[in-house]
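For the numbers below, each heavy atom of this structure counts, side chains included, while hydrogens, waters and symmetry mates do not. When a residue number appears, it is its place in the shown sequence, counting from 1.
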Amino acid sequence: MWTSITPVKRYISYQQGQSPEPNTREYFYFIDHQGMLFLDDSKMKNFTSCFKGKKFLQFFFRRLKFNDTNKYQKEFPFLSPCGKEKNFVRCDDLPIVFTHILESENSEEGDYLSYGHTGELLKVKFEPEMICMLPESGRIYHPGPEATGGVGLIKSSLAIHLSQKFIYQDKENTDDMPISFFWKGVEYNLSNEIIQKLKSIKQKVSG
């Protein structure tokens with residue numbers, strides 16, 4: 001069974017803003033399992049030291065993709081390019097972390113999952129039948145942007161709320177994968193299709 005991505009950080013030497021090539025600058029970032037973005041070399045990684053500007057975060061996460069530069073791919077498997085800047089990124093689990101459900105009163109419009117701590121600026125349609133929980137880690141995942149593998153992690157506080165809506169084959173045994181998900185009066189059979197994508201991301205990241 002697939003487990004959370006925790007890439008081993010090799011010890012490399014870098015300096016934020018370094019320019020190893022003409023007209024190029026390199027920066028290095030870290031995304032934790034709550035979806036907060038930090039400079040990788042920040043000694044304290046908490047709410048006070050994370051990036052909070054929603055416009056910047058929108059710009060950064062919209063450009064996020066797999067690192068295709070042949071530089072630091074093991075240490076920083078993701079990249080957010082910005083003109084002449086190359087922003088290399090590593091993460092605690094997945095780089096896309098859903099932080100909030102944006103619920104709509106219009107049932108036809110549906111609900112959305114917001115990511116990157118950007119509120120309404122970055123979101124994907126919430127697909128209840130596609131949600132997936134891995135029993136061995138307790139972490140919950142949902143389809144996300146294809147540029148980073150097509151899967152995102154659901155933030156732990158939101159995952160706790162959603163986990164109460166899972167239905168199991170054996171109600172006394174919640175160590176197995178849930179078979180369905182109850183959302184707004186509807187029971188959705190879970191496909192667990194994204195497990196294969198999770199495996200693919202891990203293989204790509206671990207090399």
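You'll find the side chain of F61 stays beyond 4.5 Å of the side chain of S80, heavy atoms only. In this structure, the side chains of K165 and W183 come closer than 4.5 Å at one or more pairs of heavy atoms. In this structure, the side chains of F76 and V89 stay at 4.5 Å or more apart for every pair of heavy atoms. A 4.5 Å side-chain heavy-atom check between L79 and F66 finds every atom pair outside the cut-off. Here the side chains of M36 and F47 are in contact, with some heavy-atom distance below 4.5 Å. Side chains of S114 and F98 form no contact here, defined as non-hydrogen atoms less than 4.5 Å apart. At least one side-chain heavy atom of F166 sits less than 4.5 Å from a side-chain heavy atom of I140. The shortest distance between side-chain heavy atoms of I195 and Y141 does not fall below 4.5 Å.
Across every non-hydrogen atom of N189 and E129, the tightest pair is O-CB, 3.6 Å. Nearest heavy-atom pair, A147 versus L64, reported as atom, atom and distance to 0.1 Å: CB-O, 3.5 Å. For P77 against V205, the heavy-atom pair with the smallest separation is CG-CG1, 3.8 Å. Counting all heavy atoms, side chain and backbone alike, K125 lies closest to H142 at O-CE1, 3.3 Å. Residues K71 and F88 approach most closely at O-CE2, 3.7 Å, considering heavy atoms. The minimum heavy-atom distance between Q16 and D40, with the atom names listed, is NE2-N, 3.9 Å.
Note: C50 SG to L57 CG = 8.0 Å, rounded to the nearest 0.5 Å. Taken to the nearest 0.5 Å, the CD1 atom of I201 stands 10.0 Å off from the NZ atom of K204. Atom OG of residue S191 and atom CE of residue M130 lie 4.0 Å apart, to the nearest 0.5 angstrom. With rounding to the nearest 0.5 angstrom, the CD1 atom of I131 is 8.0 Å from the CD1 atom of I194. Between K155 atom NZ and L162 atom CG the span is 12.5 Å, to the nearest 0.5 Å. With rounding to the nearest 0.5 angstrom, the CD1 atom of I31 is 13.5 Å from the NE2 atom of H33.
Under the 4.0 Å criterion applied to side-chain N and carboxylate O atoms, E120 and K54 are not assigned as salt-bridge partners. Taking the charged nitrogens against the carboxylate oxygens, D32 and K45 have no contact shorter than 4.0 Å, which rules out a salt bridge. Here K184 pairs with D111 in a salt bridge; the nearest charged N to carboxylate O distance falls below 4.0 Å.
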Point to revise | Pair K123-L102, side chain to side chain contact (heavy atoms under 4.5 Å, CB included): steps then yes or no | key: CA-CA 9 Å; K123 59 187 180 182; L102 306 176; 4.0 Å; yes
Practice item. Start with the C-alpha gap between L122 and R62, add the side-chain angles, then the distance that decides, and say whether side chain to side chain contact (heavy atoms under 4.5 Å, CB included) holds. Key: CA-CA 8 Å; L122 293 175; R62 269 191 175 169; 3.5 Å; yes
**Study point:** side chain to side chain contact (heavy atoms under 4.5 Å, CB included) assessment of T99 paired with Y115
**Key:** CA-CA 6 Å; T99 58; Y115 65 92; 5.8 Å; no
Practice item. Check the pair E146, K197 against salt bridge (charged side-chain N to carboxylate O under 4.0 Å, His left out), reporting the backbone distance first and the verdict last. Key: CA-CA 10 Å; E146 289 296 330; K197 285 192 173 184; 2.7 Å; yes
Point to revise | Derivation of the side chain to side chain contact (heavy atoms under 4.5 Å, CB included) call for F28 and D41 | key: CA-CA 8 Å; F28 301 83; D41 53 349; over 6 Å; no
Exercise for review: Start with the C-alpha distance between F51 and F38, add both sets of side-chain angles, then the distance that settles ring-ring contact (aromatic ring centres under 6.0 Å, His included), and finish with yes or no.
Suggested key: CA-CA 6 Å; F51 288 89; F38 305 88; 8.2 Å; no
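F182 and I160 fall into different hydrophobic clusters, where Ile, Leu, Val, Met, Phe, Trp and Tyr are joined by side-chain heavy atoms under 4.5 Å apart, directly or via other members. Note: the hydrophobic cluster containing L39 also contains F56 (ILVMFWY, side chain heavy atoms under 4.5 Å, direct or indirect links). Hydrophobic clustering (side-chain heavy atoms under 4.5 Å, transitive across Ile, Leu, Val, Met, Phe, Trp, Tyr) keeps F30 apart from L153. L190 and L134 end up in the same hydrophobic cluster when Ile, Leu, Val, Met, Phe, Trp and Tyr side chains are linked at under 4.5 Å.
Looking at S42, its side chain never comes within 3.5 Å of a backbone N or O of M44 through a donor-acceptor pair. Looking at Q73, its side chain does come within 3.5 Å of a backbone N or O of N67 through a donor-acceptor pair. Here the side chain of Q18 pairs a donor or acceptor atom with the backbone of Q15 at under 3.5 angstrom.
By the 30° and 60° cut-offs, the orientation of the rings of Y29 relative to Y27 is tilted.
No hydrogens or angles considered: nothing links the side chains of S19 and E26 as a donor-acceptor pair under 3.5 Å. For the residue pair E187/S180, the side-chain donor-acceptor check at 3.5 Å is satisfied.
Aromatic ring centroids of Y188 and F181 lie 6.0 Å or more apart. Between Y112 and F126, a ring centre-to-centre spacing not shorter than 6.0 Å is recorded.
A cation-pi arrangement, defined by a distance under 6.0 Å to the six-membered ring centre and an angle within 45 degrees of its axis, is present between R63 and F59.
Residue K84 qualifies as open at atom NZ: its count of foreign heavy atoms under 6.0 Å is 12 or below.
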